[in-house]
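Both ligands and their constituent atoms are indexed starting at 1 by order of listing. Fair warning: this is a prediction, and the values are worked out from it, not measured in the lab.
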Amino acid sequence: HIADAQRTDLMTITRFVLNEQSKHPESRGDFTILLNHIVLGCKFVCSSVNKAGLAKLIGLAGETNVQGEEQKKLDVLSNEVFIKALISSGRTSILVSEEDEEATFVEASLRGKYCVVFDPLDGSSNIDCGVSIGTIFGIYMVKDVNEPTLEDVLQSGKNMLAAGYCMYGSSCTFVLTTGKGVNGFTLDPSLGEFILTHPDIKIPKKGKIYSVNEGNAMNWDGPTASYVERCKFPKDGSSPKSLRYIGSMVADVHRTLLYGGIFLYPADKKSPNGKLRVLYEVFPMSFLMEQAGGQAFTGKQRALDLIPKKLHERSPIFLGSYDDVEEIKALYAAEAK
Ligand code: P6P
């Protein structure tokens, strides 16, 4: 009986968000409409990424196609799809994309109350070898829809209303928070719908995995070097942690969220602010981690407390299981003394 109910009671992402919306009678459904357009973009990218290998075979992606047209690279194509989908939603005022140096200000007739910051295809250098990649996004409310300014997207991460990612891997998984926990949805290609498969995700309080690019070890600062050393040669007699590093943030964060552990992209002598971007990598992933019971730290402060001054600003980031991040916070605090 229960199994049958699950099979027929399809909780699609649209229905899930509509349920949320019904708790706010004053809501006009703008967020639901916005999210539907983000989901549409993700479905397009999922389909294109899955064909990317084939497309390369038949000379589509990144080369000239049968009409002799220069095909756009997948990240450029994905960016255009998201920009057009978000503008046509009529619910956005400002868009910030990893692919565009400047912010996109939506024309007045199509303006809405949200600002979206996103990386349309994070980790896209991994496409050709079939490693999972993803779309990452965060959503702010515009202060004055009649006068959108850059201040609306240079807000602290703690003002983000919603954030999420879509991972294009063995399955297409959409993970979302609207500030009331984290939920995961898996695309059912036969329906073309994202179905709720991971309700109320909570990250384990402590994990057995650390995730960092060890190739940067020569340039790490003291606390990071000590922490990684402790992962490999624990002093308390516990067993060493496992190293898992995919090199695609969405995949490394998704594994951390589900299995626990810590993901680190620290500052180093070459990149004093680390590599990952505050608005559309650090903030959305930090928001998700906190909502799942984990935490996110920059080496100096809570990641969501950062206030970016530039659209493509970078920050070091340590995120994941609460206890694991606590350990590296203590090492940085000791160094700061
Ligand atoms: P590195 C991919 O290029 C990316 O932006 C993130 O997805 C990933 O976490 C990171 O860079 C990997 O960087 O220096 O370890 O190759």
Side-chain angles (χ1 to χ4, degrees), residues 42 45-46 49 52 62 73-79 82 96-101 117-138 163-169 172-175 207 209-221 224-225 227-228 231 242-259 261-289 294 296-299 303 308 310-320 324-325 328:
C42 291
V45 175
C46 177
V49 164
K73 282 180 69 60
L74 220 43
D75 45 9
V76 173
L77 195 65
S78 306
N79 185 49
F82 276 110
V96 174
S97 167
E98 191 269 348
E99 288 289 331
D100 298 329
E101 194 51 41
V117 296
F118 64 101
D119 187 345
L121 206 51
D122 184 83
S124 51
S125 56
N126 292 302
I127 291 182
D128 293 346
C129 61
V131 164
S132 300
I133 51 181
T135 298
I136 311 172
F137 66 92
Y165 59 79
C166 190
M167 185 173 76
Y168 311 108
C172 183
T173 307
F174 193 101
V175 175
I209 297 171
Y210 73 104
S211 185
V212 68
N213 182 341
E214 289 259 11
N216 296 331
M218 190 171 65
N219 300 313
W220 288 339
D221 62 22
T224 291
Y227 180 75
V228 173
C231 291
S242 291
L243 169 59
R244 293 284 182 275
Y245 192 69
I246 302 166
S248 180
M249 187 183 198
V250 172
D252 279 318
V253 168
H254 189 60
R255 183 209 51 249
T256 304
L257 185 66
L258 297 188
Y259 295 177
I262 185 168
F263 171 80
L264 311 85
Y265 207 107
D268 64 35
K269 293 182 195 102
K270 281 185 314 175
S271 345
N273 286 321
K275 173 182 183 182
L276 300 178
R277 311 285 184 166
V278 171
L279 274 181
Y280 42 77
E281 289 176 318
V282 171
F283 277 171
M285 298 314 205
S286 300
F287 189 7
L288 285 163
M289 278 299 161
F297 177 63
T298 67
K310 289 197 169 39
L311 294 181
H312 302 287
E313 198 168 297
R314 302 169 194 264
S315 169
I317 184 68
F318 307 88
L319 58 76
D324 294 335
V325 179
I328 199 150

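Considering backbone and side-chain N/O of Asp252, none are found under 3.5 Å from N/O of ligand 1. Residue Asn216 has no N or O atom closer than 3.5 Å to an N or O atom of ligand 1.
Applying the side chain to side chain contact (heavy atoms under 4.5 Å, CB included) criterion to Leu258, with sequence neighbours excluded, gives His198, Ile201, His254. Under the side chain to side chain donor-acceptor pair (under 3.5 Å) criterion, Asp100 pairs with Asn79, not counting sequence neighbours.
Nearest protein heavy-atom contact of atom 7 (O) of ligand 1 is Asp122 OD2, 2.4 Å. Atom 14 (O) of ligand 1 has Tyr265 OH, 2.6 Å as its closest protein atom, hydrogens excluded (heavy atom only). Protein heavy atom at the shortest distance from atom 15 (O) of ligand 1 is Tyr245 OH, 2.6 Å.
Just one of Phe174, Tyr165, Phe118 meets the ring pair (Phe, Tyr, Trp, His ring centres under 6.0 Å) condition when paired with Phe137; it is Phe174.
Every atom of ligand 1 with a heavy atom of Ser248 under 4.0 Å away is listed here by number and element: 7 (O). Using a 4.0 Å cut-off to heavy atoms of Asn213, the atoms of ligand 1 that qualify are 1 (P), 14 (O), 15 (O).
Between Ser211 and Arg255, the side chains place a donor N or O and an acceptor N or O closer than 3.5 Å (distance only, hydrogens not considered). Using modelled atom types, one finds a donor on one side chain and an acceptor on the other under 3.5 Å when comparing Tyr168 with Thr135.
For the atom pair CG of Asp324 and CZ of Phe263, the computed distance is 14.5 Å after rounding to the nearest 0.5 Å.
When Met249, Glu281, Lys275 are checked for heavy-atom proximity to atom 11 (O) of ligand 1, Lys275 turns out nearest.
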